[in-house]
*Asks:* 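To start, I am sharing the structure in question, which I have written as structure tokens.
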Amino acid sequence: MTSLTQHPWFFCGIGGSGMLPLALILKGHGAQIAGSDRSRDQGRTPEKFAWLESLGFTLLPQDGSGVTSAAQTLVASAAVEATVPEMVRARELGCPRMSRAELLAALFNAAPCGIALAGTSGKSTVTGMTGWILDQAGRDPTIMNGAVMKNFVSPGAPFASARVGHGGVFVSEVDESDGSIALYTPQIAVLLNVSLDHKSMEELRELFGNFLGAAQVGAVNIDDAESAALAGRAKALVTFAVNAPGAMIGVEPGSVQERPTSLSARVVDRRDGSAHPLDLQVPGRHNLANALAAIAAASAAGVPVRESVAALSTFAGLARRFDIVGTSPSGVTVIDDFGHNPEKCAATLSALKAHPGRVIAFFQPHGYGPLRQMGHELAEVFARLLGPEDVTILCDPVYFGGTVDRSEGSERIVNLIAAGGGSAEYIPAREDCGKRMIALARPGDRIVIMGARDDTLSAFARSILENVA
């Protein structure tokens with residue numbers, strides 16, 4: 001760790017969901033950090049950048065002025081174009097460069113006990129759950145998350161997507177979409193699920209299999225057939241599942257009680273026959289599976305199952321993960337959600353459709369490329385899970401600049417949903433989508449705002465709640 005804090009750093013895109021927690025962790029260990037962000041220059045989420053400045057980060061326009069010395073290491077995600085002024089200036093000065101994933105892997109691999117959470121959906125929630133369990137167990141973990149963890153939010157940490165600890169445990173979600181999962185050497189590797197997202201299934205099987213093989217202990221969801229097929233790659237194994245009867249950590253049949261905003265069940269540790277009542281303050285069976293994953297991860301780190309179950313009773317959830325913004329006087333509930341790939345959207349819609357009431361689902365695609373990659377699967381999810389009384393509304397994909405091909409957009413997805421028997425509307429501008437949802441809403445409706453990589457979606461969700469009757 002010392003070698004990473006002895007020289008200055010510059011973060012290009014410091015406000016991003018993957019960059020901000022890294023900057024917080026590095027600064028928490030004493031590093032000097034400056035940064036820039038296109039969103040700051042555009043006046044988006046000014047409160048976030050004001051908070052970073054209050055912590056001592058030096059923030060500058062994204063014009064290259066912050067890169068001043070060859071001693072600085074430039075950190076930039078793969079999405080940052082080579083033409084961005086910081087990138088140009090860093091090349092001119094000969095600054096070393098690290099990707100977001102390379103820096104995270106360096107920090108993670110330096111920890112005595114690294115717990116890595118992998119899978120195509122659920123990573124952020126399980127990271128938050130595992131981190132909270134370890135915090136409550138007195139292990140003082142460092143936690144790297146892609147989402148704000150409500151349990152760690154305070155007046156001094158309103159954007160708590162990271163926790164800086166000194167207990168030797170580093171809990172982090174790791175990403176397969178760019179192949180960077182191969183950079184990590186975890187003590188404990190947790191595999192949640194394997195499904196189509198950014199890579200082919202063949203590539204995913206190889207990446208996740210190697211990930212399990214690199215760890216001392218694997219914790220694997222055997223409800224997921226693809227994950228179960230890879231379990232043999234682990235040197236030692238803890239299995240978990242909601243439904244599979246052979247899982248070491250599972251659920252007592254018939255014990256699951258679902259409610260609109262919470263869930264309870266009895267967790268069974270089949271290694272010793274013990275059973276433990278679990279009360280979650282977050283809804284949906286996917287969150288029960290997430291809880292079992294966190295319990296298995298913590299168990300592999302030496303935390304007793306009973307302690308993990310007790311800690312999860314006070315787990316408050318993550319911002320933008322089925323985040324209930326509020327309910328209007330007329331009974332319209334607005335939910336802010338990170339759903340952006342088929343599996344995440346399916347989990348959210350299933351949780352909503354487990355209870356009565358019409359669903360108005362707004363979806364803002366997080367780019368044109370992802371829409372081309374998984375558009376058919378997304379459309380199938382909305383068409384299959386929403387009924388004839390429900391409606392899906394799409395605006396144009398979020399676009400912050402660059403040279404991406406914008407020829408195929410949201411209108412195609414709306415047509416695919418309609419072809420699958422669903423009800424969907426394409427309204428190009430997000431503001432107009434908001435007006436349409438406010439006009440459509442009636443008592444008992446649930447309006448869910450879905451999308452990724454755009455912090456302003458939360459403000460959009462709040463504006464819907466404020467203006468709905």
*Asks:* Is it true that a side-chain atom of T314 and a backbone atom of A311 form a donor plus acceptor pair closer than 3.5 Å?
*Replies:*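 Yes, because the side chain of T314 sits within donor-acceptor range (under 3.5 Å) of the backbone of A311.
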*Asks:* Would you call E206 and R233 a salt bridge, taking side-chain N to carboxylate O under 4.0 Å as the test?
*Replies:*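 Salt bridge: no.
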*Asks:* List the residues meeting salt bridge (Lys or Arg N to Asp or Glu O under 4.0 Å) with E53, not counting sequence neighbours, and say none if there are none.
*Replies:* R40
*Asks:* Say whether E226 and N193, considering side chains only, have a donor N or O and an acceptor N or O under 3.5 Å apart.
*Replies:*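 Result is no, nothing qualifies.
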*Asks:* Partners of F57 by ring-ring contact (aromatic ring centres under 6.0 Å, His included), sequence neighbours excluded?
*Replies:* none
*Asks:* Give, for atom CG of L212 and atom CG of L237, the distance between the pair rounded to the nearest 0.5 Å.
*Replies:*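 Spacing of CG (L212) from CG (L237) equals 8.0 Å.
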*Asks:* So, does R259 use its side chain to make a donor-acceptor pair with the main chain of P283 at under 3.5 Å?
*Replies:*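 Here the side-chain-to-backbone pair does not exist.
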*Asks:* Is there a donor-acceptor pair under 3.5 Å between the side chain of D269 and the backbone N or O of S274?
*Replies:*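 Looks like no, no N/O pair under 3.5 Å.
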*Asks:* In Å, rounded to the nearest 0.5 Å, how long is the span from CZ of R89 to OG of S65?
*Replies:*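 Going from the CZ atom of R89 to the OG atom of S65 covers 10.0 Å.
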*Asks:* Picking from C95, S36, C12, what satisfies side chain to side chain contact (heavy atoms under 4.5 Å, CB included) with V67?
*Replies:*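 Only one of C95, S36, C12 forms a side chain to side chain contact (heavy atoms under 4.5 Å, CB included) with V67, namely C95.
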*Asks:* Output, in order, the C-alpha distance, side-chain angles, deciding distance and verdict of side-chain contact (heavy atoms from CB on, under 4.5 Å) for I449 and D337.
*Replies:* CA-CA 6 Å; I449 305 301; D337 191 78; over 6 Å; no
*Asks:* Do E203 and S200 pair up side chain to side chain, a donor and an acceptor below 3.5 Å, judged on atom types alone?
*Replies:*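 There is such a pair (donor and acceptor under 3.5 Å, judged by atom type) between the side chains of E203 and S200.
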*Asks:* Which distance, rounded to the nearest 0.5 Å, do you find between the CD of Q216 and the NZ of K235?
*Replies:*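 Taking CD in Q216 and NZ in K235, the distance rounds to 5.5 Å.
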*Asks:* May I ask you to check whether over 12 heavy atoms, not counting those of E307, lie within 6.0 Å of atom CD?
*Replies:*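 Result for CD/E307: enclosed.
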*Asks:* Considering residues at least two apart in sequence or located in another chain, which fulfil the ring-ring contact (aromatic ring centres under 6.0 Å, His included) criterion with F10?
*Replies:*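 Listed in chain order: nothing, the list is empty.
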*Asks:* Is it the case that the side chains of S458 and D336 hold a donor-acceptor pair, with the cut-off being a distance below 3.5 Å and no angle test?
*Replies:*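 Yes, side-chain donor-acceptor contact under 3.5 Å.
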*Asks:* Among all residues two or more places apart in sequence or in another chain, which pass the ring-ring contact (aromatic ring centres under 6.0 Å, His included) test with F159?
*Replies:*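 If we apply the ring-ring contact (aromatic ring centres under 6.0 Å, His included) test to F159, skipping adjacent residues, the hits are W51.
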*Asks:* With distance as the sole test, does N151 use its side chain to make a donor-acceptor pair with the main-chain N or O of A316 at under 3.5 Å?
*Replies:* yes
*Asks:* When you measure from the side chain of K344 to the backbone of H340, do you find a donor-acceptor pair of N or O atoms at a distance under 3.5 Å?
*Replies:*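 Looks like no, no N/O pair under 3.5 Å.
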*Asks:* Is it the case that the side chain of D135 and the backbone of G131 share a donor-acceptor pair, with hydrogens and angles ignored and the cut-off at 3.5 Å?
*Replies:* no
*Asks:* Could you pull out the closest heavy-atom pair between A361 and L349, with the gap in Å?
*Replies:*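 Reported closest heavy-atom pair: CB-CD2, 4.4 Å.
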*Asks:* What verdict does the side-chain contact (heavy atoms from CB on, under 4.5 Å) test give for L107 and F170, after you've listed the backbone C-alpha separation in whole Å, the side-chain angles of each residue and the deciding distance to 0.1 Å?
*Replies:* CA-CA 9 Å; L107 290 164; F170 196 122; 3.9 Å; yes
*Asks:* Would you call E86-R97 a salt bridge at under 4.0 Å N-O?
*Replies:* no
*Asks:* What's the separation between atom CG in L204 and atom CD1 in I181, rounded to the nearest 0.5 Å?
*Replies:*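 Reported value, rounded in 0.5 Å steps: 9.0 Å.
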*Asks:* Check residues 290-301 and write down every donor-acceptor pair under 3.5 Å in which the side-chain atom is one partner and the other belongs to a residue at least two apart or another chain.
*Replies:*
unit_1	atom_1	unit_2	atom_2	d
N290	ND2	H286	O	3.3
N290	ND2	N287	OD1	3.1
S299	OG	R271	NH1	3.2
S299	OG	R271	NH2	2.8

*Asks:* What's the shortest heavy-atom distance between F108 and S172, and which atoms?
*Replies:* CD1-CB, 4.0 Å
*Asks:* Would you say that L312 contacts L278 through its side chain, given a criterion of any heavy-atom pair below 4.5 Å between the two side chains?
*Replies:*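 Contact flag for L312/L278 side chains = yes.
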*Asks:* Do T456 and R430 have side-chain atoms, one donor and one acceptor, less than 3.5 Å apart?
*Replies:* yes
*Asks:* Got a donor-acceptor contact below 3.5 angstrom from the D223 side chain to the V242 backbone?
*Replies:*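 Yes, because the side chain of D223 sits within donor-acceptor range (under 3.5 Å) of the backbone of V242.
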*Asks:* Scan side-chain atoms only and decide if E173 and T127 contain a donor-acceptor pair under the 3.5 Å cut-off.
*Replies:*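 Note: E173 and T127 side chains miss the donor-acceptor criterion.
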*Asks:* So which atom in E252 and which in A275 form the shortest heavy-atom distance, rounded to 0.1 Å?
*Replies:* OE1-CB, 4.4 Å
*Asks:* Suppose we screen for ring-ring contact (aromatic ring centres under 6.0 Å, His included). Which residues come up paired with F322, at least two apart in sequence or across chains?
*Replies:* none
*Asks:* Hey, are the side chains of L26 and I33 touching, using non-hydrogen atoms and a 4.5 Å cut-off?
*Replies:*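 When only atoms from C-beta onward are counted, I33 and L26 do touch, with a gap below 4.5 Å.
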*Asks:* Just wondering, are more than 12 heavy atoms of other shown residues or ligands nearer than 6.0 Å to CD in E102?
*Replies:*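 Result for CD/E102: enclosed.
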*Asks:* Any idea which heavy atoms bring A189 and A215 closest together, and the distance?
*Replies:*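 Heavy-atom minimum between the residues: CB-CB, 3.5 Å.
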*Asks:* Tell me the closest heavy-atom pair linking P85 and G64, and the distance in Å.
*Replies:* CB-N, 3.5 Å
*Asks:* Please determine whether the number of non-hydrogen atoms from other residues, nucleotides or ligands lying under 6.0 Å from atom CD of Q32 exceeds 12.
*Replies:*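 Atom CD in Q32 is not packed in, count stays at 12 or less.
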*Asks:* Quick one, L22 with R100, criterion side-chain contact (heavy atoms from CB on, under 4.5 Å). Give me CA distance, side-chain angles, the key distance, then yes/no.
*Replies:* CA-CA 8 Å; L22 268 182; R100 181 202 64 83; 3.5 Å; yes
*Asks:* Do side-chain atoms of N341 reach the backbone of T120 as a donor and acceptor pair under 3.5 angstrom?
*Replies:*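 Confirmed, N341 side chain pairs with T120 backbone.
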*Asks:* Is there a donor-acceptor pair under 3.5 Å between the side chain of N221 and the backbone N or O of T239?
*Replies:* no
*Asks:* Do N109 and T185 have side-chain N/O donor and acceptor atoms under 3.5 Å apart?
*Replies:* yes
*Asks:* Could you state the interatomic distance from OG (S227) to CG (L191), rounded to the nearest 0.5 Å?
*Replies:* 3.5 Å
*Asks:* So which heavy atom on Q364 is nearest to which on V398, and how close?
*Replies:* NE2-CB, 3.6 Å
*Asks:* Is the side chain of E343 donor-acceptor paired with the backbone N or O of S195 at a distance under 3.5 Å, no angle test?
*Replies:* no
*Asks:* Would W132 and I143 count as a side-chain contact (heavy atoms from CB on, under 4.5 Å) here? Give the steps.
*Replies:* CA-CA 9 Å; W132 182 240; I143 310 167; over 6 Å; no
*Asks:* Parallel, tilted or perpendicular for F362 and F460, by the 30°/60° rule?
*Replies:* tilted
*Asks:* Please determine if R320 forms a cation-pi arrangement with F338, meaning its NZ or CZ atom is less than 6.0 Å from the six-membered ring centre and no more than 45° off the ring axis.
*Replies:*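 Geometry flag: not set, cation outside 6.0 Å or 45°.
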*Asks:* Nearest 0.5 angstrom please: T45 OG1 to Q42 CD, how far?
*Replies:* 10.0 Å
